[in-house]
Number of protein chains: 2
Amino acid sequence: MLLHFKNRFPQLAPYWDKYVQFQKRTAVPAKTVLLHEGKVSGNYIFVEKGCIRAALNTNGTDKTMQFFFENEGLTSLESFIKNAPSVFTIETIEPSVIYLLPKVHVKALIAELIHEPEFFKLMLSVFAERQIHYMNEFASFIRDTPEQRYLNLLANSPHIIKRVPQHYIASYVGITTVHLSRIKSKIARGNSHF
Amino acid sequence: MLLHFKNRFPQLAPYWDKYVQFQKRTAVPAKTVLLHEGKVSGNYIFVEKGCIRAALNTNGTDKTMQFFFENEGLTSLESFIKNAPSVFTIETIEPSVIYLLPKVHVKALIAELIHEPEFFKLMLSVFAERQIHYMNEFASFIRDTPEQRYLNLLANSPHIIKRVPQHYIASYVGITTVHLSRIKSKIARGNSHF
DNA sequence: TTAATTCGGTAACATATGTTATCGCGGACC
DNA sequence: GGTCCGCGATAACATATGTTACCGAATTAA
């Protein structure tokens with residue numbers, strides 16, 4: 001993970017190098033839970049290979065919120081920052097290779113980098129991107145019908161649809177697997193709105 | 001607006017003072033558009049008095065995304081940072097008194113403050129809060145039924161329901177005004193799920 | 001003040017989506 | 001090879017939500 005940042009931000013190389021030793025590389029099978037909903041997040045997670053999802057559990061039904069693939073990093077921000085119980089579960093979809101960087105070291109890294117304007121800009125842009133991402137997801141739910149959300153996904157992130165089992169996609173667009181099947185067959189029959 | 005920050009972060013007082021002169025205080029009537037969807041945001045907006053909403057327009061139907069009240073600040077982040085067209089409109093609900101701080105000065109302020117660790121922490125926490133907010137809204141749409149969303153609003157933000165016209169609330173929870181009326185009368189009859 | 005407009009409630013009907021159940025395919029495991 | 005199980009399709013029915021239309025109260029404009 002830190003190597004990934006190092007490639008993107010070589011100016012800060014000495015900092016990354018110093019913390020490389022603390023991250024743990026692990027290979028895990030599919031359906032491995034990396035963080036349980038309700039537990040406090042202890043690590044920043046980086047995906048080297050494989051595929052991970054964040055999921056909510058409501059009255060026994062599992063709903064997928066987000067997907068992560070190679071070269072993406074994630075954590076439960078609220079849990080990480082505030083030591084609050086995570087609202088979602090983090091789980092592998094495929095057998096994956098991940099890096100874990102414990103929270104203490106992330107905090108130490110940030111404390112060291114707090115004087116570096118380059119790092120400041122990096123953090124702000126990362127945070128801004130995430131905020132914009134979630135805001136757009138939120139806006140999409142207010143604005144779009146589930147069918148439209150599926151079509152958007154098909155248009156903007158076809159790799160997700162190709163790679164991820166369909167029942168995860170269904171809850172992600174806000175519907176049941178049955179209804180997603182209906183939508184797909186409707187599209188296949190050429191009866192979509194487009 | 002800057003006075004607001006000055007009260008909360010007196011350590012940075014000299015910076016706030018310097019920029020106070022650039023902000024413009026304005027009183028505007030209800031239903032005044034402060035930023036049109038599709039336009040680039042030019043100001044950071046701070047609400048001294050009144051009430052503002054962010055809204056999306058889809059095929060002629062107006063949908064409310066968020067409400068802002070006294071002592072809250074807002075802008076279209078994507079538009080502000082990337083000079084991208086704003087995805088939403090910003091409009092007053094009530095007659096309001098607002099402060100506008102032009103983008104150039106906000107950027108200059110950030111550029112000056114970039115070396116202040118206190119400011120760094122402030123910015124990160126502001127950004128983190130916003131991200132958590134939008135993420136929770138997003139999660140709520142995946143997890144909850146519209147009726148549940150209305151009940152959540154009633155429990156967590158009753159001031160919004162008391163203060164804002166109901167048709168804005170309806171689109172905010174993701175339904176039509178007709179259906180919101182149904183839900184309300186159902187609750188009044190004591191038939192809600194709780 | 002009256003007149004106009006906005007806002008919220010309700011009904012009847014149309015459509016979208018959920019629920020439950022069944023089937024079939026294909027991979028995992030022995 | 002066979003058996004089990006995860007996954008996706010489909011049907012029939014139930015429920016949730018949208019659409020249109022109408023009414024009356026409340027607010028605003030003249």
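Here is how names work: the chains are called A, B, and so on, in the same order as the sequence lines, proteins then strands, and each is numbered from 1.
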Between atom CD1 in B:I93 and atom C1' in C:dC7, what is the gap in whole Å? 14 Å
In whole angstrom, what separates B:I161's CD1 from C:dG8's P? 12 Å
Any side-chain donor near an acceptor of the partner, B:T58 and A:R143, under 3.5 Å: no
Please tell me which of the listed nucleotides, D:dT17, D:dT10, C:dT17, lies nearest to the side chain of A:S185? D:dT10
Less than 4.0 angstrom between a side-chain N/O of A:K184 and OP1 or OP2 of D:dG8, yes or no? no
B:I183 CD1 to C:dG9 P: how many Å, rounded? 12 Å
Cation-pi between A:R149 and A:Y172: NZ/CZ under 6.0 Å from ring centre and within 45° of the ring axis? yes
Using the 3.5 Å cut-off, write out each protein N or O paired with an N or O of nucleotides 25-30 of chain D and the distance between them.
none

Where along residues 166-180 of chain A does a heavy atom come under 4.0 Å from DNA chain D, residue by residue in number order? A:Q166, A:H167, A:V178
Using distance alone, with no hydrogens and no angle criterion, decide if B:N71 and B:K49 have a side-chain donor and acceptor under 3.5 Å apart. no
Centre of B:Y99's six-membered ring, under 6.0 Å away, within 45 degrees of the axis: is that where NZ or CZ of B:K24 sits? no
Does B:K121 have any side chain to side chain donor-acceptor pair (under 3.5 Å) partners at least two apart in sequence or in another chain, and if so, which? none
D:dG18 phosphate, OP1 or OP2, under 4.0 Å from A:T145 side-chain N/O: no
With a cut-off of under 6.0 Å to the ring centre and 45° to the axis, is A:R53 in cation-pi contact with A:Y168? yes
To the nearest 10 degrees, how far apart in direction are the end axes of the helix from C:dT1-D:dA30 to C:dC30-D:dG1, each fit to five base pairs? 50°
When the side chains of residues 31-39 of chain A are checked against the rest of the protein, which donor-acceptor pairs come out under 3.5 Å, sequence neighbours left out?
from	atom 1	to	atom 2	distance (Å)
A:T32	OG1	A:P29	O	2.6
A:E37	OE1	A:N57	N	2.9

Measure from the side chain of B:R182, starting at C-beta and using heavy atoms only, and say which of D:dA12, D:dC7, D:dT17 lies closest. D:dT17
Rounded distance in Å - CD1 (A:I142) to C1' (D:dG18): 17 Å
Between CG on residue B:D62 and CZ on residue B:F88, distance to nearest 0.5 Å: 13.5 Å
Taking salt bridge (Lys or Arg N to Asp or Glu O under 4.0 Å) as the cut-off, I'd like each qualifying pair that reaches into residues 154-174 of chain B, sequence neighbours left out, listed once. B:E70-B:R163, B:E94-B:R163
Face-on cation placement of A:K184 at A:Y150 ring, 6.0 Å and 45° thresholds: no
